[in-house]
Each structure stands twice: as C-alpha cells, then as structure tokens.
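The structure presented is a predicted model; accordingly, all values stated were derived computationally and were not measured. Numbered from 1 within each chain, the chains take letters A, B, ... in sequence-line order. Heavy-atom basis, side chains included; hydrogens, waters and symmetry copies ignored.
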Amino acid sequence: MLATRALRLIGKRAISTSVCARGGHGVAKVEDYTLPVYLDRQDVPLPEISYVQKLSPEQKSLKEKEKGAWAALSLDEKLALYRISFEKSYAEMNQGSDEWKSVIGGVFIFIGLTGLIVLWQRKYVYGPVPHTFDDEYKQKELQRMLDMRMNPVQGISADWDYENKQWKK
Amino acid sequence: MAQYTQLGLQDAASPLMEELLHFHDHALMIITLISAFVLYIILTMVTAKTTDKYILDSQEVEIIWTVLPAIILVLIALPSLRILYLLDEINDPHLTIKAMGHQWYWSYEYTDYEDLGFDSYMVPTQDLTPGQFRLLEADHRMVIPVESPIRVLVSAEDVLHSWAVPSLGVKMDAVPGRLNQVAFVASRPGVFFGQCSEICGANHSFMPIVVEAVPLEHFENWSSLMLEDA
C-alpha cells in the first residue's frame, strides 16, 4: 500500500513538466536529465520510476484491483502488474546476445587485412635481409657462441654438453 | 651477448651483475604474483552473480590492503638499497682505462704504465668473417685481465655517448668535458658485447663495445703487441 502510494507520488513528479521558480529571476526549464529515469540494471533492483507511465483503462482498473488482497489476483494479472512497473525481467536483462561473434569476426578481418599488408610490404618494399641470416651463417654463429662459452651459466653454453658434443638432454 | 628472442638478462660476468640479476628475479616474481592475483580478482568480479555491489565500508579488508602492500614494498626496497650501496663501494682498481666516445667509434687509452691507445670501430656487415656477430664485432677489443678490479673513465670527444656492457652490469654516460667513472670485476674469462646507449647521430647503432677478459699473462702479451703495432 505504502509502496503504491509512494510510486504514485514519484510517478506524478515524473510526468509533470513543472517549472522551477527561481527566486526573483524568473523560471528555468527543467532539464530532462534531472528527472528520474527508468533503468534496467542488475544491481539496481527498484528503478526510480515505473516503466509504464501512461496507464490504459485496463491497466488503471488493474491498479485499483491491486489495492485489494493480492491473493485475489490471477497469475496473468500479477504478470501484467509486473510489466507495468518493469520493462525486462531479470532473465531478459541478463541474457547475452550474439554480438561477440560480430566482434571476433571484425577483429579477424582486420588482422587478416594487416597480414595482407605485411606480406605485400615484404615482397615489394623491403630489400633482402643481411647475409648473416643464412642458415649456414647461423650455424657458424652458434658454433662460435659455444666455442666462446657465451652465457655459460644458464644460457646457451649451459645447454651444450661439451664432452659428448651434443645438446644436453 | 644476447640471443634472438631472448627475454631475460644475459648471464652475469661480474659480481655486481649477479646481484642485479637475482634482484631482478626477486622483483619480477613479486610483480608476477601481484598481477596474477589482480587478474583473478578482476575475473571473479566480472563473472560474479551478486547484485548487491554497494558495499560502503569494511575496516578489515582496508587494513589488509594497506599493510600488505607496505610489507611487499619493504621486501623490494631492502635488497634494492643493498645493491645501491654495493654499487658505491670503495674500489681499489688494478687498472684504469679511458674509454672515449667519438662519432662513431670508441677509443681506449691504457696509460697506467705505457702510452697505449687505439680506436675500436665496428666491423661492417660485408666484412664479417663467417660466424662473427653482425653489428656487435669490433676491430679492436678492450682487453682486460680477468678477476681484476678495473676502473673505466668514460668521456666523449664530441656528443653524448654511453658506454654499456650488459653482462658486466655496466652503463655510464660519456659526456663531453666530463669524466665519469665506473668500476667492475670480470669474474670469468670471455668476450662481452655492448652497444652505445645514448643517441649520438647517424651511426649510433653501429659503434659497439667489445670487452675481452683474459688471464693476466695473455693481457700482458696483448698490450706488448699493441704497443709494438702502434
């Protein structure tokens, strides 16, 4: 009872386009963003105003019936009352959508485009890599690193078995 | 030297670098744990089914998340300050070398006993012998005796450079008109590479530093040979 009365008061405030009288200076327009809004949020169970502000005649009579004993209401009437106060149920509010598929698709499209650009660059823009990248040269470099005992503690020379001339198992 | 796709630090070749390496491991472990914990909290919050999220105060958790970070910071600060003071320990170097930065090469002067000086230019890529490391090799290396405290006085002849050898844990800016001092001990023999670490013009990436730590007799032979060549 108290709830419906309170709701009606808040509802009345929301509907009215009352102007704000400023002391001596005239009136200021009430901005939309300062008025209470309806909001479906998981962590705000009771929004500031009811969803349906302008009640149809059936809804008005239903509201009158609500003032009586609630046991007298049928399931459909209870649901109708729920839908007056709220737009979505919790289940509807929390349901996901298929948007993520579009997002992932878009991401892959752009990654693919970038890949195409990179391949084109490698073919038509960049010159050849230095000769030090040849496999044969790399082998000689590796041999030299091992011969010089580079990083012998935990690095490359630590993994080489010098006795048996092979990588450590 | 660093290898391709290497993420961590190079193996230490001096005691100070060892300390820095261990401290780096310690600090990195702490921040990895913190990041994993925060990620877990974020995931839990995002997937939670609770709707009551307006918690206004909680003394216990506030105390915990003030005290615990303070403790963690102390645990990071203590080793860090220890190393900071270790770096400033009094040295008694056996050898003093002057490393002068030029555009775009280094020159080393060993003037303790004789007048030995030479330039150290990068070996160009087309002149590499097979197996040499591109952009790292130099024609003359700075040879030092192993396990001897060395003092390097770093300066520059033209613009700012920086003399850096990561495996020795050494980096010192070369400022024209200024002498900066850095000291280290090479704990093991080997060849240690570094690169100029202060932008100095077109060939800033092409003036490497190569330090070779050898037993004392080899060092003496080398310096005699270099003096003869000069």
Side-chain angles (χ1 to χ4, degrees), chain A residues 38-48 82 85-97 99-100 103-104 122 126-162 165 167-168, chain B residues 1-15 17-18 21-22 24-25 45-55 122-137 141 146 165-168 186-194 205-206 210-214:
Chain A
Y38 177 77
L39 177 51
D40 269 321
R41 261 185 69 141
Q42 190 191 0
D43 50 354
V44 177
L46 296 176
E48 289 165 5
Y82 183 89
S85 301
F86 305 106
E87 183 190 358
K88 290 189 190 169
S89 67
Y90 262 80
E92 288 162 7
M93 205 195 299
N94 291 337
Q95 74 185 126
S97 67
E99 192 193 3
W100 66 271
V103 171
I104 298 284
R122 286 194 177 182
Y126 295 135
V129 288
H131 68 97
T132 55
F133 282 80
D134 300 338
D135 283 331
E136 200 194 313
Y137 198 98
K138 285 260 149 296
Q139 285 287 14
K140 294 209 174 92
E141 258 185 16
L142 177 58
Q143 184 59 55
R144 189 153 174 268
M145 278 197 261
L146 293 171
D147 291 340
M148 288 164 103
R149 305 289 195 277
M150 309 233 85
N151 295 328
V153 182
Q154 289 179 310
I156 187 111
S157 302
D159 294 334
W160 178 256
D161 187 351
Y162 284 94
K165 298 211 182 2
W167 291 110
K168 285 186 189 161
Chain B
M1 59 171 272
Q3 282 143 248
Y4 304 106
T5 69
Q6 176 173 324
L7 284 177
L9 299 164
Q10 297 175 35
D11 279 350
S14 80
M17 189 57 203
E18 263 189 72
L21 210 147
H22 294 313
H24 177 262
D25 288 343
M45 300 278 270
V46 159
T47 55
K49 294 281 182 274
T50 51
T51 54
D52 180 10
K53 291 178 182 165
Y54 296 120
I55 302 165
M122 181 187 86
V123 176
T125 306
Q126 62 257 35
D127 297 344
L128 291 168
T129 62
Q132 279 191 313
F133 310 120
R134 186 180 70 101
L135 305 186
L136 281 178
E137 300 277 3
R141 297 172 173 170
V146 72
V165 184
S167 43
L168 293 169
S187 359
R188 57 180 165 93
V191 183
F192 312 115
F193 296 92
S205 322
F206 308 115
V210 189
V211 176
E212 187 174 348
V214 294

Determine whether more than 12 heavy atoms belonging to other residues, nucleotides or ligands lie under 6.0 Å from atom [atom1] of [X].
X: B/Q6; atom1: CD; result: yes
X: B/Q126; atom1: CD; result: yes
X: A/W167; atom1: CH2; result: yes

Q | Pairwise side-chain contact, A/M145 with B/Q3, heavy-atom cut-off 4.5 Å (strictly under) | A |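 Heavy-atom side-chain distance check passes, below 4.5 Å.
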
Q. In terms of heavy-atom pairs under 4.5 Å, which option from A/K138, A/Q139, A/R149 contacts chain B the most?
A.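 Ranked by contacts with chain B, first place is A/K138.
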
Q) If you count heavy-atom pairs under 4.5 Å between each of A/M148, A/R41, A/E141 and chain B, which one has the most? A) A/E141

Q) Relative to chain A, which segment of B/F192 carries a heavy atom at a distance below 4.5 Å: side chain, backbone, both, or neither? A)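 Neither part.
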
Quick check: closest heavy atoms across [X] and [Y], and the distance to 0.1 Å?
X: B/L128; Y: A/T132; value: CD1-CG2, 3.7 Å
X: B/D11; Y: A/G155; value: OD2-N, 3.1 Å
X: A/P152; Y: B/R188; value: CD-NH1, 3.3 Å

Q | chain B contact via A/Q143 - which portion, at a heavy-atom distance below 4.5 Å | A |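 The answer is neither part of A/Q143.
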
Q) Do A/N151 side-chain atoms and B/Q10 backbone N/O form a donor-acceptor pair below 3.5 Å? A)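 Not a single qualifying donor-acceptor pair exists.
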
Q.
Nearest 0.5 angstrom please: B/F133 CZ to A/M150 CE, how far?
A.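 One finds 5.5 Å between CZ of B/F133 and CE of A/M150.
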
Q. Hey, which of B/P130, B/A2, B/G8 has the most heavy atom pairs under 4.5 Å with chain A?
A. B/P130

